[in-house]
J.: 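If you scroll down you'll find the structure; I have some questions about it.
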Amino acid sequence: MAKVKIPENKVQELRDLCKNFDNEPGELINVLHGAQGMFGYLPAEVQEIVADEMNVSVAHVYGVVTFYSFFSMLPKGKHPISICMGTACYVRGAEKVLDEFKRHLEVKVGETTPDGKYSLSCLRCVGACGLAPVVTIGERVYGRVSPEDVRGILEEY
Amino acid sequence: MAKYKNHILVCGGTGCRASESEAIASNLNASLSENNLQDDVQVVRTGCFGFCEKGPVVKMVPDNTFYVHVAPDDAEDIVLEHVIKGRKVERLLYVDPETKEHVSDSRHMDFYKKQLRIALRNCGFINPENIDEYIARDGYSALGTIMEEMTPEAAINVVKDSGLRGRGGGGFPSGLKWELTRKSEADQKYVVCNADEGDPGAFMDRSILEGDPHSVLEAMAICGYCIGADRGLIYIRAEYPLAIKRLKIAIEQARDYGLLGNDIFGTGFNFDVEIRYGAGAFVCGEETALIHSMEGLRGEPTVKPPFPAQSGYKEKPTNVNNVETFANIPAIFLKGADWFKKIGTEKSPGTKVFALAGKVNNVGLIEVPMGTTLREVIFDIGGGIKGGKKFKAVQTGGPSGGCLTEDHLDLAIDYDGLLASGSMMGSGGMIVMDEDDCMVSVAKFYLDFTVEESCGKCTPCRVGNKRLHEMLDKITLGQGEEGDLTRLRNLANVIKDTALCGLGQTSPNPVLSTMDNFPEEYQSHVKESKCPAGQCRALMQYVINSKLCVGCTLCSRVCPVDAISGEKKLPHVIDSSVCIKCGACIEKCKFGAISIQ
């Protein structure tokens with residue numbers, strides 16, 4: 001993975017974040033939530049700083065980051081697209097909607113378009129099963145999406 | 001709710017908010033102000049009404065008019081017609097699918113008739129961001145009474161007598177769990193609320209936290225008093241921003257009122273609650289995994305015993321209950337264990353909340369007494385199958401449960417009945433499937449989930465489920481062999497017997513139950529390379545009927561891979577070795593000449 005240079009002021013911000021949680025290893029997940037909020041993702045360099053600050057091994061931090069699907073080591077696109085693959089959405093055709101997004105964007109699940117505009121991911125149930133199948137782009141929720149709607153949705157961005 | 005004459009309740013659950021219910025509320029407020037009614041009518045953003053299919057939902061109080069599919073633009077009509085002129089806005093009323101008549105009162109809708117709301121008693125009634133509204137509905141009075149009049153042992157006995165069983169899936173008697181934690185000696189104990197609702201398609205815990213967060217806080221404080229803990233932790237999915245926000249508000253308000261914090265009700269009892277965030281791992285719903293996750297570790301389960309009641313969070317005695325279980329507690333104390341025991345079945349008293357979803361007309365959140373049959377839930381409350389299709393199966397218990405068939409429709413729902421029929425209660429997801437759903441693909445879908453979510457600690461789950469998935473994949477691709485079905489079953493049983501935690505042990509359930517209930521469907525995939533439901537793409541063939549084809553060439557022009565050839569005005573043919581089965585040709589053909597075989 002390419003080295004990411006983190007600006008000094010951001011490094012300090014990250015260290016402060018750890019201190020807010022008393023550098024307590026039990027708070028690692030809360031710290032990582034905060035760090036992902038700051039950087040949008042958790043590159044190796046961020047994990048190294050967190051490990052150093054909280055006095056745990058980098059391997060431990062990496063182990064936790066990769067265990068949980070909410071944490072990402074890759075930057076997301078400007079408009080992160082998530083297709084709900086919960087059961088309710090699945091039986092109402094979410095897979096076909098996902099295929100259509102893949103086809104339009106020419107990326108696989110978990111990837112970002114080369115221009116950095118969109119990233120594509122799946123999630124498990126946003127709990128809006130009445131609107132199945134559901135797609136979220138950023139904060140916006142699209143309900144009852146059919147494969148035919150995909151082009152129109154993408155054109156909004 | 002003192003000074004206002006009327007209230008307009010606007011659903012503020014996640015589903016309705018996704019359909020702009022927030023804009024409806026602000027338009028209502030704007031229109032009320034324009035008409036100088038802001039002091040007479042109050043707009044309340046409530047939690048989920050449950051009838052998500054018809055959302056966004058708006059309810060007028062006190063006359064109980066229930067408006068469905070409301071759009072932000074309808075706000076003005078609601079104010080001008082309903083509030084000012086007292087006339088119902090007909091076009092927004094619910095239409096009974098059978099009689100085709102307007103039904104204005106939700107109590108007369110089939111969806112609500114058979115429901116009994118205990119855990120959801122306040123959802124859709126109160127503003128979850130205002131503690132006074134919870135208190136007005138007897139909120140925190142159970143806590144007060146218990147602390148003033150009952151010993152912890154006596155209070156635990158009430159929970160035991162009520163027969164309440166854990167609503168998170170396993171159905172362990174809650175009172176017994178509390179007692180075990182009480183009896184564990186330690187200088188520090190914890191109450192944990194499991195709000196890591198990972199079952200895809202279940203959203204009852206989220207709705208309770210969004211609609212009635214105080215009932216959970218009150219129950220946690222009661223539990224703390226009973227077991228001797230002064231700290232509570234709520235472990236909640238980070239994917240539930242609205243529930244988190246409302247919980248935070250509720251915790252602050254409860255602290256301000258002295259209902260959380262030090263010296264509650266002047267009794268010297270201290271109890272406070274903090275929130276811990278999950279980060280997207282299904283296995284963290286398992287209590288030992290959840291505890292590790294709260295400790296900042298990978299959420300891997302450990303062997304029980306020791307149970308969390310003996311050694312849990314930070315190796316201290318910890319009582320873990322899920323959200324719905326807690327939401328029942330204040331009601332049990334207010335109305336008594338005998339009242340609770342009379343509801344439901346003998347061994348599973350009370351009610352259960354289900355997230356009814358899939359191919360059913362009325363998708364939503366429902367709460368019914370235990371012992372209600374699947375038929376009542378799916379056909380009476382759920383309004384039957386979408387699009388007039390035929391019912392095929394219902395999956396209960398999520399990835400740990402099983403698929404039940406038409407033969408099980410009259411099964412009375414309770415923990416033991418579901419378990420005996422090869423499924424389980426789980427957290428209460430209920431996904432309805434129709435004739436178009438391929439059961440092999442459904443089993444594969446759940447295995448997809450399990451493979452991705454397996455924490456990897458034990459081999460049966462990590463490797464076994466992967467192999468199961470590969471076999472199912474092979475079968476859906478039409479490459480299944482005779483021995484595969486036996487191998488599938490054997491391996492599934494091995495995983496069931498040997499996996500470390502409850503999730504691993506139940507992960508083969510979707511495979512076993514579909515194999516038991518739909519053996520012929522597996523047979524046709526393996527022996528005839530056919531998918532009876534027409535879902536497995538690899539097993540489909542697109543064919544042009546030469547008698548119906550007029551050679552208009554539309555299909556060959558729309559085919560993205562040039563698989564269709566033929567002369568103008570002569571029947572065309574599809575080269576199945578090239579065809580990618582995208583279905584574009586079928587949609588274009590005006591003569592119905594193309595079919596799937």
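No hydrogens, no waters, no symmetry mates; every other heavy atom, side chains included, goes into these values. Letters A, B, ... are given to chains in the order of the sequence lines, protein chains preceding strands, and every chain is numbered from 1.
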J.: Is it true that, when you exclude B:Lys581 itself, more than 12 heavy atoms of the residues, nucleotides or ligands shown sit nearer than 6.0 Å to its NZ?
T.: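 More than 12 heavy atoms, drawn from other residues, nucleotides or ligands, come within 6.0 Å of this atom.
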J.: Is B:Ala355 in contact with chain A via its backbone, its side chain, both, or neither, using a 4.5 Å heavy-atom distance?
T.: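 Neither part.
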J.: What are the two closest non-hydrogen atoms of B:Ala279 and A:Phe71, and how far apart are they?
T.: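 For B:Ala279 versus A:Phe71, the nearest heavy atoms are CB-CE1, 3.7 Å.
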J.: What part of A:Arg103 gets closer than 4.5 Å to chain B, counting heavy atoms only: side chain, backbone, both or neither?
T.: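 Answer is neither: A:Arg103 stays 4.5 Å or more from chain B.
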J.: How close do B:Gly358 and A:Ala88 get, counting heavy atoms only, and between which atoms?
T.: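 Closest pair (atom of B:Gly358, atom of A:Ala88, distance): N-CB, 4.2 Å.
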J.: B:Arg298 versus chain A, heavy atoms under 4.5 Å apart: side chain, backbone, both or neither?
T.: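 Interface part for B:Arg298: both.
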J.: Quick one: of B:Gly15, B:Ala281, B:Pro200, who has the most non-hydrogen atom pairs under 4.5 Å with chain A?
T.: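 If we count pairs closer than 4.5 Å to chain A, B:Pro200 comes out on top.
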J.: Heavy atoms only, distances under 4.5 angstrom: which of B:Met433, B:Lys386, B:Lys314 has the most pairs with chain A? Name it, please.
T.: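 Greatest number of close heavy-atom pairs with chain A: B:Lys386.
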J.: Should A:Phe70 and B:Arg237 count as side-chain neighbours, where that means a heavy-atom distance under 4.5 Å?
T.: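 The answer is no; the side chains never approach within 4.5 Å.
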J.: Should we say atom CG of A:Asn55 is surrounded by more than 12 heavy atoms from elsewhere, each under 6.0 Å from it?
T.: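 Count not over threshold, so no.
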J.: Given a strict heavy-atom distance threshold of 4.5 Å, which part of B:Glu295 is in contact with chain A: side chain, backbone, both, or neither?
T.: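 The backbone, not the side chain.
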J.: Taking every non-hydrogen pair under 4.5 Å, which of B:Phe282, B:Tyr277, B:Phe449 racks up the most with chain A?
T.: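 Max contact count across the listed options: B:Phe449.
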J.: Does a side-chain heavy-atom distance below 4.5 Å link A:Ile29 with B:Met294?
T.: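 Not touching, per the 4.5 Å side-chain cut-off.
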J.: Please determine whether the number of non-hydrogen atoms from other residues, nucleotides or ligands lying under 6.0 Å from atom CZ of A:Phe39 exceeds 12.
T.: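 Atom CZ in A:Phe39 is packed in, count exceeds 12.
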J.: Using heavy-atom distances under 4.5 Å, tell me whether B:Lys54 contacts chain A through its side chain, its backbone, both, or neither.
T.: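 Contact with chain A: none, neither part.
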J.: A quick test of your reading: do over 12 heavy atoms of other residues, nucleotides or ligands sit less than 6.0 Å from CD of B:Glu435?
T.: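 Counting neighbours around CD of B:Glu435, more than 12 heavy atoms of other residues, nucleotides or ligands fall under 6.0 Å, so yes.
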J.: Please flag which part of B:Glu452 lies under 4.5 Å from any non-hydrogen atom of chain A: side chain, backbone, both or neither.
T.: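 When you check distances to chain A, only side chain atoms of B:Glu452 fall under 4.5 Å.
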J.: Is it the case that over 12 heavy atoms from other parts of the model lie below 6.0 angstrom from the CD atom of A:Glu106?
T.: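 For A:Glu106, atom CD is not crowded (no more than 12 foreign heavy atoms under 6.0 Å).
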J.: Of the backbone (N, CA, C, O) and the side chain (C-beta and beyond), which part of B:Leu365 lies under 4.5 Å from a heavy atom of chain A, both, or neither?
T.: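 When you check distances to chain A, no heavy atom of B:Leu365 falls under 4.5 Å.
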J.: If you count heavy atoms of other groups shown closer than 6.0 angstrom to NZ of A:Lys19, is the number above 12?
T.: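 Yes - once you tally the heavy atoms of other residues, nucleotides and ligands closer than 6.0 Å, there are more than 12.
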J.: Pick one of side chain, backbone, both or neither for A:Thr66, based on which atoms fall under 4.5 Å of a heavy atom in chain B.
T.: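 Side chain of A:Thr66 only, per the 4.5 Å heavy-atom cut-off to chain B.
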J.: Do you know the tightest heavy-atom contact between B:Gly201 and A:Cys129?
T.: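 Distance-wise, the nearest heavy atoms are CA-SG, 4.0 Å.
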J.: Would you compute the distance between atom CD of A:Glu95 and atom CZ of B:Arg537 and round it to the nearest 0.5 angstrom?
T.: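 Going from CD on A:Glu95 over to CZ on B:Arg537, the span is 8.0 Å.
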J.: Test side-chain contact (heavy atoms from CB on, under 4.5 Å) on A:Thr87 and B:Tyr446 and set out the steps.
T.: CA-CA 8 Å; A:Thr87 322; B:Tyr446 279 112; 2.9 Å; yes
J.: Grab the two heavy atoms, one from A:Leu131 and one from B:Ala18, that are nearest each other, plus how far apart they are.
T.: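 Shortest heavy-atom separation between A:Leu131 and B:Ala18 comes out as CD1-CB, 3.7 Å.
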J.: Any chance CD of A:Glu139 has more than 12 other-residue heavy atoms, nucleotides or ligands included, within less than 6.0 Å?
T.: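 At most 12 heavy atoms, drawn from other residues, nucleotides or ligands, come within 6.0 Å of this atom.
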J.: B:Phe445 vs A:Tyr90 aromatic rings, parallel, tilted or perpendicular, using cut-offs 30° and 60°?
T.: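 Correct class here is parallel.
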J.: What I'd like to find out is whether the side chain of B:Cys284 reaches to under 4.5 Å of the side chain of A:Tyr68, using heavy atoms alone.
T.: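 Yes, their side chains come closer than 4.5 Å.
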J.: With a 4.5 Å cut-off on heavy-atom pairs, point out which of B:Cys48, B:Ser207, B:Ala238 contacts chain A the most.
T.: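 Ranked by contacts with chain A, first place is B:Ala238.
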J.: Counting only heavy atoms not in B:Glu20 (residues, nucleotides, ligands), do more than 12 fall under 6.0 Å from its CD?
T.: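 Not buried by this count: 12 neighbours or fewer within 6.0 Å.
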J.: Whether the side chain of A:His60 engages the backbone of B:Leu297 through a donor-acceptor N/O pair (distance < 3.5 Å, no angle test) should be reported.
T.: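 It does not hold such a pair.
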